[in-house]
Colleague: 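Quick one: this structure, given as structure tokens, is what I'll be asking you about.
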Amino acid sequence: MNEPSPCCSPGRPADGPAEIRPPAHAVARPRSTRGQVRIPAGDFAMGDPFDEGYAGDGETPVHRVRLESFWMDATTVTNAAFAAFCKDTGHVTEAEELGVSAVFHLAFRGERSDVLQQVAEAPWWLAVKGASWRQPGGPGSSIQDRQNHPVVHVTWNDASAYAAWAGKRLPTEAEWEYAARGGLDGARFAWGDELTPRGRWQCNIWQGDFPRSNTEDDGHLATAPVKTYRPNGHGLWQMAGNVWEWCADWFDPGYYEVSPAVDPRGPDTGAARVMRGGSYLCHDSYCHRYRVSARSSNTPDSASGNMGFRCANDDA
């Protein structure tokens with residue numbers, strides 16, 4: 001499949017202070033499975049059996065993977081949960097430190113002067129002064145009426161800090177795909193092979209003419225509440241669309257060629273971290289990454305209005 005435009009999630013904006021203070025990492029709490037679902041041990045075919053992925057993403061070869069049981073958050077981390085973390089620890093996100101983050105142009109709320117620049121390769125992304133998890137659309141927005149929406153504008157570093165505070169960790173990429181499949185080994189999506197069974201939307205993605213107009217057939221322009229649509233076979237909500245989800249692994253498009261068959265944890269080093277699940281901006285005309293096997297990546301200090309996360313845990 002042809003490579004997509006850089007629409008999924010832009011990297012860290014160039015504007016802003018040249019250096020930022022690294023985020024303070026919370027002291028790890030005792031292990032907690034609050035809000036999590038136990039995922040049973042098993043094996044599955046990891047990767048894209050339909051040859052629908054992008055070559056640069058490395059969704060092949062399809063390979064069998066065996067995992068021990070583990071726990072996974074039933075939903076992505078919400079604004080309410082992230083607010084509790086920040087209140088308890090004083091954590092300041094990297095987007096807040098930088099003073100700017102990426103906002104999709106139709107979701108922008110603020111003054112013209114708040115837009116520092118457009119992303120050259122993807123002008124639908126705006127570098128917005130003051131955009132952060134507290135103001136996801138820019139200075140003219142808030143999370144007051146979005147407490148049960150996924151937190152966004154969080155970097156991999158921010159997500160890791162939250163996970164430690166919550167007594168959890170980020171999922172490995174293999175854990176994420178296995179959990180997302182919900183027992184449907186080899187399926188295209190988390191609910192089966194058809195995008196809209198019986199004409200019903202199963203996830204929050206783009207409908208219409210990207211990036212100019214969204215018909216909102218699924219009910220949403222940007223993020224949706226975390227318990228929208230139906231959960232998958234493991235009881236996990238929205239494992240496709242809505243927001244990209246950070247995984248623990250470093251990203252390498254060639255990793256599947258050498259990946260171990262039992263509990264793979266990604267390369268030892270890298271420049272970018274894996275993201276899974278797609279977001280509300282995905283559309284099959286340019287970014288078909290809401291498929292359950294789809295992969296993407298970004299640098300661990302990048303944030304945008306469509307990047308969030310959920311946590312996992314070992315099965316003690």
Colleague: Partners of Arg146 by side-chain hydrogen bond (donor to acceptor under 3.5 Å, both in side chains), sequence neighbours excluded?
Modeller: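 In terms of side-chain hydrogen bond (donor to acceptor under 3.5 Å, both in side chains), with neighbours along the sequence ignored, Arg146 is linked to no residue.
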Colleague: Please report the interatomic distance CZ(Arg265) to SG(Cys247), rounded to the nearest 0.5 Å.
Modeller: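 Between atom CZ of Arg265 and atom SG of Cys247 there are 12.0 Å.
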Colleague: Mind checking ring-ring contact (aromatic ring centres under 6.0 Å, His included) for Tyr178 and listing every partner two or more places apart, or none if nothing turns up?
Modeller: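 Testing Tyr178 for ring-ring contact (aromatic ring centres under 6.0 Å, His included), a comparison that skips the adjacent residues, returns Phe44.
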Colleague: Would you check if the side chain of Asn306 reaches a backbone N or O of Trp244 as a donor-acceptor pair within less than 3.5 Å?
Modeller: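 Not confirmed, Asn306 side chain does not pair with Trp244 backbone.
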Colleague: I'd like to know whether CD of Glu111 has more than 12 heavy-atom contacts from other residues, nucleotides or ligands below 6.0 angstrom.
Modeller: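 Counting neighbours around CD of Glu111, 12 or fewer heavy atoms of other residues, nucleotides or ligands fall under 6.0 Å, so no.
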Colleague: Would a distance-only check, ignoring hydrogens and angles, find a side-chain to backbone donor-acceptor pair under 3.5 Å from Asp114 to Arg109?
Modeller: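 No, because the side chain of Asp114 does not come within donor-acceptor range (under 3.5 Å) of the backbone of Arg109.
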Colleague: Under 3.5 Å, is there a donor-acceptor pair linking the side chains of Thr155 and Asp158?
Modeller: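 The criterion, which ignores hydrogens and geometry beyond distance, is satisfied for Asp158 and Thr155.
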Colleague: So, for Arg212 and Leu106, which heavy atoms are closest and what is the spacing to 0.1 Å?
Modeller: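 Where Arg212 meets Leu106 most closely, the heavy atoms are O-CD1, 3.7 Å.
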Colleague: Tell me whether Phe85 shares a hydrophobic cluster with Leu170, the cluster being built from Ile, Leu, Val, Met, Phe, Trp, Tyr side chains joined at under 4.5 Å.
Modeller: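 Result: yes, single cluster for both.
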Colleague: Does one side chain, of Asp218 or Gln207, offer a donor that lies under 3.5 Å from an acceptor on the other?
Modeller: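 Present: a donor and an acceptor within the cut-off.
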Colleague: Transitive ILVMFWY cluster of Leu184 at side-chain heavy atoms under 4.5 Å: who else is in it?
Modeller: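 None, because no other hydrophobic side chain comes under 4.5 Å of this residue.
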Colleague: Determine, using the 4.5 Å side-chain heavy-atom cutoff (strictly less than), whether Met307 and Val154 are members of one ILVMFWY cluster.
Modeller: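 Yes, Met307 and Val154 fall within the same hydrophobic cluster.
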Colleague: Would you kindly confirm whether Tyr54 and Val292 end up in one hydrophobic cluster when ILVMFWY residues are joined by side chain heavy atoms under 4.5 Å apart?
Modeller: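 Unlinked, Tyr54 and Val292 end up in two clusters.
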Colleague: Considering residues at least two apart in sequence or located in another chain, which fulfil the salt bridge (charged side-chain N to carboxylate O under 4.0 Å, His left out) criterion with Glu177?
Modeller: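 Glu177 satisfies salt bridge (charged side-chain N to carboxylate O under 4.0 Å, His left out) with Arg181, Arg276 only.
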Colleague: Dump the intermediate steps for side chain to side chain contact (heavy atoms under 4.5 Å, CB included) on Thr228 and Gln238, then the final yes or no.
Modeller: CA-CA 7 Å; Thr228 306; Gln238 292 189 206; 2.9 Å; yes
Colleague: With a 4.0 Å cut-off, would you call Asp249 and Arg295 a salt bridge?
Modeller: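 Salt bridge between Asp249 and Arg295, a charged N being under 4.0 Å from a carboxylate O: no.
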Colleague: According to a 4.5 Å side-chain heavy-atom criterion applied to Ile, Leu, Val, Met, Phe, Trp and Tyr, with indirect links allowed, do Leu126 and Leu116 form part of one hydrophobic cluster?
Modeller: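 As far as the 4.5 Å side-chain criterion goes, Leu116 and Leu126 are not connected within one cluster.
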Colleague: Does Pro260 have any side chain to side chain contact (heavy atoms under 4.5 Å, CB included) partners at least two apart in sequence or in another chain, and if so, which?
Modeller: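 For Pro260, the residues satisfying side chain to side chain contact (heavy atoms under 4.5 Å, CB included) (neighbours in sequence not counted) are Tyr255, Pro264.
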Colleague: Answer yes or no: is there an ion pair linking Asp315 with Arg38, defined by an N-O contact shorter than 4.0 Å?
Modeller: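 Salt bridge present between Asp315 and Arg38.
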Colleague: Taking all non-hydrogen atoms of both residues, which atom of Pro171 and which atom of Met72 are closest, and how far apart?
Modeller: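 Minimum heavy-atom contact is CB-CE, 3.8 Å.
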Colleague: Is Tyr229 linked to Val226 within one hydrophobic cluster, defined over Ile, Leu, Val, Met, Phe, Trp and Tyr using a side-chain heavy-atom separation of less than 4.5 Å?
Modeller: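 Hydrophobic grouping puts Tyr229 apart from Val226.
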Colleague: By the definition salt bridge (Lys or Arg N to Asp or Glu O under 4.0 Å), identify the one residue from Arg169, Lys168, Arg310 that meets it with Asp73.
Modeller: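 That would be Lys168; it is the only one of Arg169, Lys168, Arg310 passing the salt bridge (Lys or Arg N to Asp or Glu O under 4.0 Å) with Asp73.
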Colleague: Taking the side chain from Asp48 and the backbone from Gly53, do they hold a donor-acceptor pair closer than 3.5 Å?
Modeller: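 Checking the backbone N and O of Gly53 against the side chain of Asp48, a donor-acceptor pair under 3.5 Å is found.
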Colleague: Mark yes when over 12 heavy atoms from residues, nucleotides or ligands other than Arg31 sit less than 6.0 Å from its CZ; otherwise mark no.
Modeller: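 Above 12, so yes.
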Colleague: Please identify each residue that fulfils ring-ring contact (aromatic ring centres under 6.0 Å, His included) with Trp191, with sequence neighbours left out.
Modeller: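 If we apply the ring-ring contact (aromatic ring centres under 6.0 Å, His included) test to Trp191, skipping adjacent residues, the hits are Phe189.
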Colleague: Check the pair Trp206, Phe104 against ring pair (Phe, Tyr, Trp, His ring centres under 6.0 Å), reporting the backbone distance first and the verdict last.
Modeller: CA-CA 12 Å; Trp206 187 273; Phe104 182 66; 5.5 Å; yes
Colleague: Answer yes or no for Arg291 and Phe50: cation-pi contact, defined as NZ/CZ to six-membered ring centre under 6.0 Å and angle to ring axis within 45°.
Modeller: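 Judged by the rule, Arg291 and Phe50 form no cation-pi pair.
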Colleague: Let me confirm one number: the CG-CZ distance from Asp314 to Phe70, rounded to the nearest 0.5 Å.
Modeller: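 Output value for this atom pair is 10.5 Å.
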Colleague: Give the intermediate values and the outcome of side chain to side chain contact (heavy atoms under 4.5 Å, CB included) for residues Cys86 and Trp133.
Modeller: CA-CA 11 Å; Cys86 291; Trp133 74 273; 3.8 Å; yes
Colleague: Any side-chain to backbone donor/acceptor pair from Asp185 onto Ala45? Under 3.5 Å, distance only.
Modeller: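 Checking the backbone N and O of Ala45 against the side chain of Asp185, a donor-acceptor pair under 3.5 Å is found.
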Colleague: Has the side chain of Glu175 got a donor or acceptor atom that lies under 3.5 Å from a matching backbone atom of Thr172?
Modeller: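 Side chain of Glu175 to backbone of Thr172: a pair is present.
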